[in-house]
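Inspection log for the structure reproduced underneath, given as structure tokens.
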2 protein chains.
Amino acid sequence: MILIDYKSRKPIYEQIIDNIKHLVVSGVLQRDDQLPSVRQLAQELAINPNTIQKAYAELERQGVIYSLKGRGSFVGSSLQELRTVQQKELLEQLAALSTDLYRLQVPQDEVYAVVQQVYEQQKEDEIHD
Amino acid sequence: MILIDYKSRKPIYEQIIDNIKHLVVSGVLQRDDQLPSVRQLAQELAINPNTIQKAYAELERQGVIYSLKGRGSFVGSSLQELRTVQQKELLEQLAALSTDLYRLQVPQDEVYAVVQQVYEQQKEDEIHD
DNA sequence: TAGCTGTATTATCTTATCTAGTACACTTAT
DNA sequence: ATAAGTGTACTAGATAAGATAATACAGCTA
């Protein structure tokens, strides 16, 4: 369900955040679904409970989950809501990247070609699922 | 010539690397042009010489500059060479970002529209230089 | 020779990340 | 009521990356 790359330069708690967001955005986790408890997930991933707690706290701050003392942690954002937020973030990244591409004089056609190729490849990969 | 954002989460030595690469790619610094000395640049930017040395060492490892003991450090890569390398890096970033955009179901048209808008805006900005 | 260069070394400081252990308040099921 | 599970808070320590500080050495050049 959740995979951690311990060799990555990205902190573990950030990987957990990204991972859970992805589970929500892909529909695996739905609103009000219960997340694994802090201690349980810590044991599964063989990491310290404090690290899980840090990830959950940040997810709660962002409104992705909510936590109830004694009850557990639950999904607090719908697929659509989170998807919209993340789409906006990605499009901002795209704009920044496009600026760099322009300044390095990469032709607009070439940018389109890369996007086109990725989209086609992704479509193909979906068929072979 | 070189600006450092001390509040950035990006390490200073990485900012220096990016900054010098940009000066080469934009044609301000040309092949065999001499760079400021380690101590001189350290004084200008009010940072430790070791930090400059770290940046220069990495730039030399990448072939962007070369250093001669007792002489100084010089640009070792032509505008075209470095531009090609950086274009390739950016296109790889674009491919990765496109994969995320596809997975978040952002329509291809919308991706194109953002790129288009940035390119047009950049062209306009150039006129008003 | 004096004063620049690059380069190397050692030590110290700070910060972020992660671990470890403990404690407390709350909920739920028995 | 009790036990076991939840979230939450706190302190302490380990580790690594980044940056600073001071010093030293080798090579070049005026």
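By convention in this document, chain letters (A, B, ...) are assigned in the order of the sequence lines, proteins followed by strands, and residues within each chain are numbered from 1. Note that the structure is predicted; figures quoted are calculated from it, not measured.
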Under a 4.0 Å heavy-atom cutoff, the residues of residues 4-20 of chain B touching DNA chain C are none
Worksheet item: Below 4.0 angstrom, N of the basic side chain to O of the carboxylate: do R61(B) and E58(B) qualify?
Response: yes
Using a heavy-atom cut-off of under 4.0 Å over every strand shown, decide if Q34(B) touches base, sugar-phosphate, or nothing. nothing
**Asked** Is any side-chain N or O of T51(B) closer than 4.0 Å to OP1 or OP2 of dG18(D)?
**Response** no
Between CZ of R61(A) and P of dT8(D) the distance, given in whole Å, is 15 Å
Footprint ends on DNA chain C, 5' to 3', for atoms under 4.0 angstrom from a heavy atom of chain A, come out as dT17(C) to dT28(C)
ring-ring contact (aromatic ring centres under 6.0 Å, His included) pairs touching residues 57-82 of chain B, sequence neighbours excluded, are Y66(B)-F74(B)
Any side-chain N or O of S37(A) under 4.0 Å from OP1/OP2 of dG5(D)?
no
Listed pairs, N/O of protein and of nucleotides 23-28 of chain D, under 3.5 Å:
unit_1: dA24(D); atom_1: N6; unit_2: R39(B); atom_2: NH2; d: 3.4

Residue pairs passing the side chain to side chain donor-acceptor pair (under 3.5 Å) test with at least one member in residues 4-15 of chain A, sequence neighbours excluded, are K10(A)-D18(A)
I'd like to know if V28(B) and I2(B) are part of one continuous hydrophobic network [Ile/Leu/Val/Met/Phe/Trp/Tyr, side-chain heavy atoms within less than 4.5 Å]. yes
* Report yes or no: do Q117(A) and Q121(A) form a side-chain donor-acceptor pair below 3.5 Å? => no
Checklist line | Pair Q108(B)-Y112(B), side-chain hydrogen bond (donor to acceptor under 3.5 Å, both in side chains): steps then yes or no | finding: CA-CA 6 Å; Q108(B) 190 168 339; Y112(B) 282 2; 3.0 Å; yes
Would you kindly confirm whether L91(A) and Y102(A) end up in one hydrophobic cluster when ILVMFWY residues are joined by side chain heavy atoms under 4.5 Å apart?
-> yes
note: N48(A), atom CG; dC10(D), atom P; distance rounded to Å ~ 17 Å
L68(A) atom CG is separated from dG7(D) atom C1', nearest whole Å, by 9 Å
Answer yes if the side chains of E126(B) and Q122(B) hold a donor-acceptor pair under 3.5 Å, and no otherwise. no
Contacts satisfying salt bridge (Lys or Arg N to Asp or Glu O under 4.0 Å) that involve residues 23-36 of chain A (not counting sequence neighbours) are R31(A)-E81(A)
Chi angles and distances behind the side-chain hydrogen bond (donor to acceptor under 3.5 Å, both in side chains) call for E120(A), Q116(A): CA-CA 6 Å; E120(A) 281 189 359; Q116(A) 167 75 15; 2.5 Å; yes
**Heavy atoms of other groups near Q43(B) CD, more than 12 under 6.0 Å** = no
